[in-house]
Q: 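Okay, here's the structure, questions in a sec.
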Number of protein chains: 4
Amino acid sequence: MARPKSEDKRDALMAAATRVIAAQGLSAPTAVIAREAGVSNGSLFTYFETKADLFSRLYLELKTGMAAAALEGLPAEAPLREQFSHMWSNWMRWATSNPGKRRALALLGVSDDIAQESRAASHQAMAAIAGMLERARSDGPMRDTSMEFVAALMNALAEATMDFMVNDPAHADEHCRAGFDALCRTLGC
Amino acid sequence: MARPKSEDKRDALMAAATRVIAAQGLSAPTAVIAREAGVSNGSLFTYFETKADLFSRLYLELKTGMAAAALEGLPAEAPLREQFSHMWSNWMRWATSNPGKRRALALLGVSDDIAQESRAASHQAMAAIAGMLERARSDGPMRDTSMEFVAALMNALAEATMDFMVNDPAHADEHCRAGFDALCRTLGC
Amino acid sequence: MARPKSEDKRDALMAAATRVIAAQGLSAPTAVIAREAGVSNGSLFTYFETKADLFSRLYLELKTGMAAAALEGLPAEAPLREQFSHMWSNWMRWATSNPGKRRALALLGVSDDIAQESRAASHQAMAAIAGMLERARSDGPMRDTSMEFVAALMNALAEATMDFMVNDPAHADEHCRAGFDALCRTLGC
Amino acid sequence: MARPKSEDKRDALMAAATRVIAAQGLSAPTAVIAREAGVSNGSLFTYFETKADLFSRLYLELKTGMAAAALEGLPAEAPLREQFSHMWSNWMRWATSNPGKRRALALLGVSDDIAQESRAASHQAMAAIAGMLERARSDGPMRDTSMEFVAALMNALAEATMDFMVNDPAHADEHCRAGFDALCRTLGC
DNA sequence: TATGAATGAGCCTTCATTCAT
DNA sequence: AATGAATGAAGGCTCATTCAT
């Protein structure tokens, strides 16, 4: 029944793509990604139809992984602010522990050839976080502002905070806290 | 001692690059930029040594222009909060009036081949704004946080706000105000 | 001593190759031919050593089939001209009923990778027709011209006639007759 | 005013393509054609937009050249049969003197990517020959058959004759005459 | 200085064939 | 024998940059 498509190889390609994109940007040759994954260049195309397909799926996987990391061990019974704090810590830890994934994700996010499908699915991956945010928003100074906009503001603050944590690791904790405080002031929580 | 190269053509190339980058991304061929500028492809390289050089200088020019727009007509004697509000309005107006410049600037900002020099100079262009911010920061809840970080947070909020103003022009004013309010809450002004 | 490989699959591959070549030309991928035959791409190579081998054998089979169709029900006792007429009708009917086979055969005929062996054998398949032709030639105005050349002329007229019958089916019968008359005038029969 | 596009190079590419196609078929790499023309592979694409474009133009040029050769020095005042004989001789001489062009033309003729435009123009190139043929047809046994079909028959006979002249040069003259006689019998001239 | 042709490295993708299962 | 994943050599075309005019 022939060799089945190897989940390992697929994962290796995804991981290689993450590393290579982080290092070389979106113009990274598929051949380099394949080599980095220990696979022939032709094989890349048995796992992904096109380079854009690989990128779309990678985008979704990275985003999903990020969201999952942020939600890990969330204290569901605790007060909202504490939940937020926990999520924020997780999120920032993921970013600092996975700078390559973060950089790749940022580049992929502005790429033209991420399938609309993947973008949509990535929003779903963030749904739980959005839920928490919604509870905070509806009760504070942004109650008249659309959820999407509030989510975008949170994202923006998070990204800026990550940048500083990564680039100035000595003060990572301070930046993490300062970013969170800014978020709370923004939301009024 | 007139300079030998035509200032006009240089400007045309810059403007063309802005438009083409906004439309096609950073991988836009130099030949297309040249054609859009009404100039031969070869000539592009008498005005800019390399594609990266063109991009670096364009980045700086766009950033400088943006900063200038934000500061235009600033009421130097008014209270800080009013100055901030004025600056924010200018800034957002620039973004909505020049979506192409904004998009090009965003793409250039994440490009690998912007010269360090240009990045540094672009910070200088923002110095006046940073000054205003500094006055607000040193007096509020972020007084123990580094200026750079605070600036990054402001930038992040501004970018997110611009996105929503551009993509949802019907509610541009609301988004503009909501973004500003968020910033003030963040800064405590 | 049954042969291990399935005759059915071999035939399916031949038939699929005919269809695919007719539709896509000689550069049709072996994978497409295999899929069209309902067989895995790897299996194609257990039935045919190489793509060229498949094409060579297909060429011979198509040519043989064409010759057999032309000779079907030949009235062996009738006068030569009548036999010719019968053969010509058969031949033209085969062509119009099997346009795919004809197109594939034409493409294969000009291909570089038909084995010399297959070309030779295909002449044998045409031997009976050549025999009829020889009887006509040796008695008419082309008696001093080589058989091969006369055969080539007949073929040329036949192909041209088929083209018109296929492309202008409304006048197929007229074209068929006109082609035959031209042949007779050429041969003097 | 920059180096102008060189007519020489264009011609060299056409000639190289003719040779390479004759030798390797339509799948000849553009890189080989360029090298054979003494030009970089990139340059090929400044003279021809795509490989198909090169092929289309080459097809037309070869066909036009062939027609011109056939009509060279035609005795306009002589009787029709003599004109035909002259044209036939010219045509056959062109074929035997330019076997590469002939082979390339034959391959291009069955290619999928000859522009419809080129095919149409090639018919125009043959118009004068078609005119002669028309005069013969309307007066003989094929008067009730369409011009297109008669032209196709003539072509078919000519191609078959050329094949034999090229492959059996020792008897080229005999084949040439026999082919012409066959044509005359077909047309009744 | 302006032009645009010339160059050739580089990239994505395809495909015949092989081989592990 | 059957399957289909694995391989890697090609190939058409693009593009930043150079250079002849």
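Note that the structure is predicted; figures quoted are calculated from it, not measured. Labels below follow one simple rule: chain letters A, B, ... track the order of the sequence lines, proteins then strands, and each chain is numbered from 1.
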Q: Salt bridge (charged side-chain N to carboxylate O under 4.0 Å, His left out): which pairs involve residues 40-59 of chain B, sequence neighbours left out?
A: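 Matches after skipping sequence neighbours: Asp53(B)-Arg57(B).
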Q: When you measure from the side chain of Tyr47(C) to the backbone N and O of Asp11(C), does any donor-acceptor pair fall under 3.5 Å?
A: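 No.
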Q: Looking at Thr46(B), does any N or O in its side chain come under 4.0 Å of the phosphate oxygens OP1/OP2 on dA2(E)?
A: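 Answer is yes, contact under 4.0 Å.
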Q: Could you tell me if the side chain of Arg103(A) sits less than 4.5 Å from the side chain of Leu107(A), heavy atoms only?
A: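 Yes, their side chains come closer than 4.5 Å.
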Q: Quick check on contacts: within residues 105-115 of chain D, what sits under 4.0 Å from DNA chain E by heavy-atom distance?
A: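 When residues 105-115 of chain D is checked for heavy atoms under 4.0 Å from DNA chain E, there are no hits whatsoever.
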Q: How does protein contact run along nucleotides 13-19 of chain E, one letter per nucleotide 5' to 3', with B for base contact, S for sugar-phosphate only, - for none, heavy atoms under 4.0 Å?
A: BBSSBBB
Q: Taking the side chain as everything from C-beta on, heavy atoms only, tell me whether Met66(D) gets closer than 4.5 Å to Arg102(D).
A: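 With C-beta onward as the side chain, the pair stays apart.
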Q: Taking side chain to side chain contact (heavy atoms under 4.5 Å, CB included) as the test, write out the residues that go with Ala28(D), two or more places apart.
A: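 If we apply the side chain to side chain contact (heavy atoms under 4.5 Å, CB included) test to Ala28(D), skipping adjacent residues, the hits are Val20(D), Gln24(D).
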Q: Using only side-chain N and O atoms of Lys9(B), determine if any of them is under 4.0 Å from OP1 or OP2 of dT1(E).
A: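 No.
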Q: Mind running side chain to side chain contact (heavy atoms under 4.5 Å, CB included) on Ile21(D) and Leu58(D) for me, showing each step along the way?
A: CA-CA 11 Å; Ile21(D) 290 172; Leu58(D) 181 56; 3.9 Å; yes
Q: If a pair means Watson-Crick or G-U wobble with both distances below 3.5 Å, what does DNA chain E look like in dot-bracket form, with | marking bases paired to a different strand?
A: .||||||||||||||||||||
Q: Looking only at non-hydrogen atoms, find the nearest pair between Ala104(B) and Thr18(B) and report the distance.
A: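 So the minimum-distance heavy-atom pair works out to CB-O, 3.8 Å.
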Q: Taking any heavy-atom pair under 4.0 Å as a contact, classify Phe48(C): base, sugar-phosphate, or nothing.
A: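 Nothing: the residue Phe48(C), judged by heavy atoms under 4.0 Å, touches no strand.
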Q: Heavy atoms only: give me the nearest Leu105(C)-Lys63(C) pair and the separation to one decimal.
A: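 Looking at all heavy atoms of both residues, the closest pair is CD1-N, 4.1 Å.
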Q: May I ask you to evaluate whether Ser40(A) reaches the phosphate of dT7(F), defined as a side-chain N or O under 4.0 Å from OP1 or OP2?
A: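 Checking dT7(F) against Ser40(A), a side-chain N or O does come within under 4.0 Å of OP1 or OP2.
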Q: Is there a side-chain contact between Tyr47(A) and the phosphate of dA5(F), meaning an N or O under 4.0 Å from OP1 or OP2?
A: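 No.
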Q: Extract all donor-acceptor atom pairs below 3.5 Å that involve side chains of residues 110-121 of chain A and protein atoms in other chains or at least two apart in sequence.
A:
{"from": "Ser111(A)", "atom 1": "OG", "to": "Asp113(A)", "atom 2": "N", "distance (Å)": "3.0"}
{"from": "Ser111(A)", "atom 1": "OG", "to": "Asp113(A)", "atom 2": "OD1", "distance (Å)": "2.8"}
{"from": "Ser118(A)", "atom 1": "OG", "to": "Ser56(A)", "atom 2": "O", "distance (Å)": "3.1"}
{"from": "Arg119(A)", "atom 1": "NH1", "to": "Gly109(A)", "atom 2": "O", "distance (Å)": "3.1"}
{"from": "Arg119(A)", "atom 1": "NH2", "to": "Gly109(A)", "atom 2": "O", "distance (Å)": "3.3"}
{"from": "Arg119(A)", "atom 1": "NH2", "to": "Ser111(A)", "atom 2": "O", "distance (Å)": "3.0"}

Q: Looking at Ser43(A), does any N or O in its side chain come under 4.0 Å of the phosphate oxygens OP1/OP2 on dA5(F)?
A: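 Answer no for this pair, as no side-chain N or O of Ser43(A) is under 4.0 Å from OP1 or OP2.
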